[in-house]
K.L.:
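Right, I'll just put the structure down here and ask away after.
In what follows, every chain begins at residue 1, and chains take the letters A, B, ... in the order their sequences are listed. All values reported here derive from a predicted model rather than from experimental measurement.
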2 protein chains.
Amino acid sequence: MAGKSYPGAMSASPTPPPTPSATEAAPDSEWLRLDRQICFSLNAASRAFNGVYRVILKDLGLTYPQYLVLLVLWEHGDLPVKKLGERLRLDSGTLSPLVKRLEAAGLVTRERSAHDERSVQVRLTGQGAALRERALEVPRRIAAATGFELAEIGELRERLDRLTDALDAAALAEAPGPR
Amino acid sequence: MAGKSYPGAMSASPTPPPTPSATEAAPDSEWLRLDRQICFSLNAASRAFNGVYRVILKDLGLTYPQYLVLLVLWEHGDLPVKKLGERLRLDSGTLSPLVKRLEAAGLVTRERSAHDERSVQVRLTGQGAALRERALEVPRRIAAATGFELAEIGELRERLDRLTDALDAAALAEAPGPR
DNA sequence: CACAATTAAATTGTGTACAACTAAATGGCC
DNA sequence: GGCCATTTAGTTGTACACAATTTAATTGTG
């Protein structure tokens with residue numbers, strides 16, 4: 001078995017037996033349960049999104065992270081890898097090979113900056129810039145796939161961003177590292 | 001550069017220039033913009049969660065997906081790989097190596113079922129079952145890290161699950177596969 | 001100017017995700 | 001009983017993520 005078959009892939013929100021026994025002890029089990037719901041739901045939604053993008057972006061020969069890089073370049077023009085990483089919250093370990101694949105696909109070029117030999121400038125090629133035309137229909141198809149109203153999407157986004165900020169701050173606070 | 005440093009890692013919700021020009025043309029750019037927000041926010045939140053779990057679970061020697069597998073086993077008892085996949089929405093390509101790593105860590109055993117030689121039963125070892133005790137504090141620490149009220153978490157979860165369902169359905173409809 | 005600290009990319013290694021494929025076992029159906 | 005479709009795991013190959021390390025360039029300081 002493999003691929004896209006989850007025979008029992010019932011709703012992501014099965015809400016199993018409402019609670020083993022709302023009154024009975026097991027407050028710890030409850031917590032383990034709840035916790036699974038939040039992060040798991042998030043994770044599942046993220047992967048589901050990825051699945052839809054995978055289907056839609058296949059025509060363009062892009063993966064979702066590659067599409068994100070191009071979105072940034074289309075919006076802001078050529079950028080060094082560092083800036084891309086800041087915008088996308090990705091580090092060089094992820095971006096270096098990813099950008100190389102975009103280069104191999106003929107969508108961008110990479111060259112060290114003249115002022116600062118440490119920096120690598122990522123530039124859209126004509127082909128990479130042209131791809132934007134074909135990408136214009138992607139957002140509409142994605143929005144349609146969610147079946148959400150724009151307002152609801154916005155609200156969800158606001159919460160997610162707030163969550164991300166809180167989690168980032170907590171990770172820093174929690175980290176044992178020097179601060 | 002690598003690791004956890006995003007020097008410009010400003011808020012995930014910077015809400016840049018509210019809009020290049022709310023009235024001006026560029027409805028397509030707007031869409032490209034918006035779309036990035038939804039899926040990107042989701043993706044960022046998911047990775048941020050992962051980061052917090054990574055820190056908290058390091059003591060237990062677990063990754064987040066491994067923790068999810070154990071959560072399911074703690075809750076439902078021993079299960080075949082298939083059932084694990086249904087609960088977690090993961091296929092054998094992901095679960096096979098993951099479960100093997102749990103086995104290597106001495107937390108579970110894998111053995112083919114007697115009734116059905118195709119099926120592989122994943123069983124908690126004493127050590128795996130015992131780890132639950134140490135995991136009990138994880139949810140509380142995670143909940144604290146989000147800084148969210150329980151009610152808000154629940155609401156968010158409900159939306160995410162609805163989103164996942166919609167996206168799964170859309171992926172099926174969008175897929176070129178035989179139907 | 002010299003030199004330590006910092007910075008930007010790249011590299012290495014581990015661990016998911018997932019598509020595509022393989023192999024073995026099971027279940028109908030004639 | 002023989003045979004084919006289905007089911008369950010596992011394998012292979014590609015592509016992220018990210019920690020840790022490495023290399024080269026730059027900067028700050030005395």
K.L.:
Any idea which of C:dA10, D:dT8, C:dG15 is nearest the A:Ser92 side chain?
P.N.:
C:dA10
K.L.:
Using only side-chain N and O atoms of A:Arg112, determine if any of them is under 4.0 Å from OP1 or OP2 of C:dA8.
P.N.:
no
K.L.:
Ignoring hydrogens and angles, answer whether the base of C:dG15 and the side-chain atoms of B:Thr63 contain a donor-acceptor pair closer than 3.5 Å.
P.N.:
no
K.L.:
What's the CG-C1' distance between A:Asp91 and D:dA19, to the nearest Å?
P.N.:
8 Å
K.L.:
For B:Gly128 and B:Trp74, which heavy atoms make the closest approach, and how far apart are they?
P.N.:
O-NE1, 3.1 Å
K.L.:
Any heavy-atom pair between the side chains of B:Lys58 and B:Arg54 that's under 4.5 Å?
P.N.:
no
K.L.:
Quick one: which protein N/O atoms are closer than 3.5 Å to N/O atoms of nucleotides 2-4 of chain D? Pair and distance per line, please.
P.N.:
none

K.L.:
Taking the side chain as C-beta and beyond, is there a heavy-atom pair between B:Phe40 and A:Leu71 under 4.5 Å?
P.N.:
no
K.L.:
In whole Å, what is the span from the CG atom of A:Leu62 to the C1' atom of D:dC16?
P.N.:
14 Å
K.L.:
Atom CD of A:Glu111 to atom P of C:dA8: distance rounded to whole Å?
P.N.:
19 Å
K.L.:
Decide yes or no for A:Asn43 and A:Arg47: does some side-chain heavy atom of the first lie under 4.5 Å from some side-chain heavy atom of the second?
P.N.:
yes
K.L.:
If you check every side-chain atom of A:Val120, which of C:dA10, C:dG15, C:dA17 has the closest atom?
P.N.:
C:dA10
K.L.:
Heavy atoms under 4.0 Å, any strand shown: does B:Leu95 hit a base, just sugar-phosphate, or nothing?
P.N.:
nothing
K.L.:
Counting side-chain heavy atoms from C-beta on, which of D:dA19, C:dA17, D:dC16 comes nearest to B:Thr94?
P.N.:
C:dA17
K.L.:
Which nucleotide in the set D:dC18, C:dA17, D:dG10 lies at the smallest distance from any side-chain heavy atom of B:Arg54?
P.N.:
D:dC18
K.L.:
Can you identify which nucleotide, out of C:dA10, D:dG10, D:dA17, has its nearest atom closest to the A:Ser96 side chain?
P.N.:
C:dA10
K.L.:
Would you mind reporting whether B:Thr94 and B:Asp91 have side-chain heavy atoms less than 4.5 Å apart?
P.N.:
yes
K.L.:
Below 4.0 angstrom, N of the basic side chain to O of the carboxylate: do A:Arg162 and B:Glu152 qualify?
P.N.:
yes
K.L.:
At under 4.0 Å between heavy atoms, what does B:Lys100 touch on the DNA or RNA strands: base, sugar-phosphate, or nothing?
P.N.:
sugar-phosphate
K.L.:
Given atom NZ of A:Lys82 and atom P of C:dA10, what is their separation to the nearest angstrom?
P.N.:
13 Å
K.L.:
Taking the side chain of B:Leu90 as its heavy atoms from C-beta onward, which of C:dC18, D:dC16, C:dA10 lies nearest to it?
P.N.:
C:dC18
K.L.:
Please name the pair of heavy atoms, one in A:Gln66 and one in A:Leu62, separated by the smallest distance, quoted to 0.1 Å.
P.N.:
OE1-CA, 3.6 Å
K.L.:
So what does B:Pro80 touch, heavy atoms closer than 4.0 Å: a base, only the sugar-phosphate, or nothing?
P.N.:
sugar-phosphate
K.L.:
Does B:His76 reach the side chain of B:Lys83, with side-chain heavy atoms less than 4.5 Å apart?
P.N.:
no
K.L.:
Please give me the minimum heavy-atom distance between B:Val52 and A:Ala171, naming the atom from each residue.
P.N.:
CG2-CB, 4.0 Å
K.L.:
In this structure, how many angstroms lie between the C1' atom of C:dA17 and the OH atom of B:Tyr64, rounded?
P.N.:
14 Å
K.L.:
Tell me, do B:Tyr64 and B:Leu68 make a side-chain contact under 4.5 Å, heavy atoms counted?
P.N.:
yes
K.L.:
Kindly say if B:Arg110 contacts the phosphate of D:dG10, meaning a side-chain N or O under 4.0 Å from OP1 or OP2.
P.N.:
yes
K.L.:
Start at the 5' end of DNA chain C and walk down; is the nucleotide closest to A:Lys83 or to A:Asn50 reached first?
P.N.:
A:Lys83
K.L.:
For residues A:Leu124 and A:Asp78, report the shortest heavy-atom separation together with the two atoms involved.
P.N.:
N-OD1, 3.3 Å
K.L.:
Which pairs, protein N/O on one side and nucleotides 26-28 of chain C N/O on the other, fall under 3.5 Å?
P.N.:
residue: C:dT26; atom: OP1; partner: B:His115; partner atom: O; Å: 3.2
residue: C:dT26; atom: OP1; partner: B:Glu117; partner atom: N; Å: 3.2

K.L.:
Can you measure A:Glu86 atom CD to C:dT7 atom P for me and round it to whole angstrom units?
P.N.:
12 Å
K.L.:
Whole Å only: how far is the CG atom of B:Leu98 from the P atom of C:dC18?
P.N.:
13 Å
K.L.:
Without decimals, in angstroms, what is the distance between B:Leu102 CG and C:dT16 C1'?
P.N.:
12 Å
K.L.:
Please give the nucleotide sitting opposite C:dC1 as a Watson-Crick or G-U wobble pair, both distances under 3.5 Å, or none.
P.N.:
D:dG30
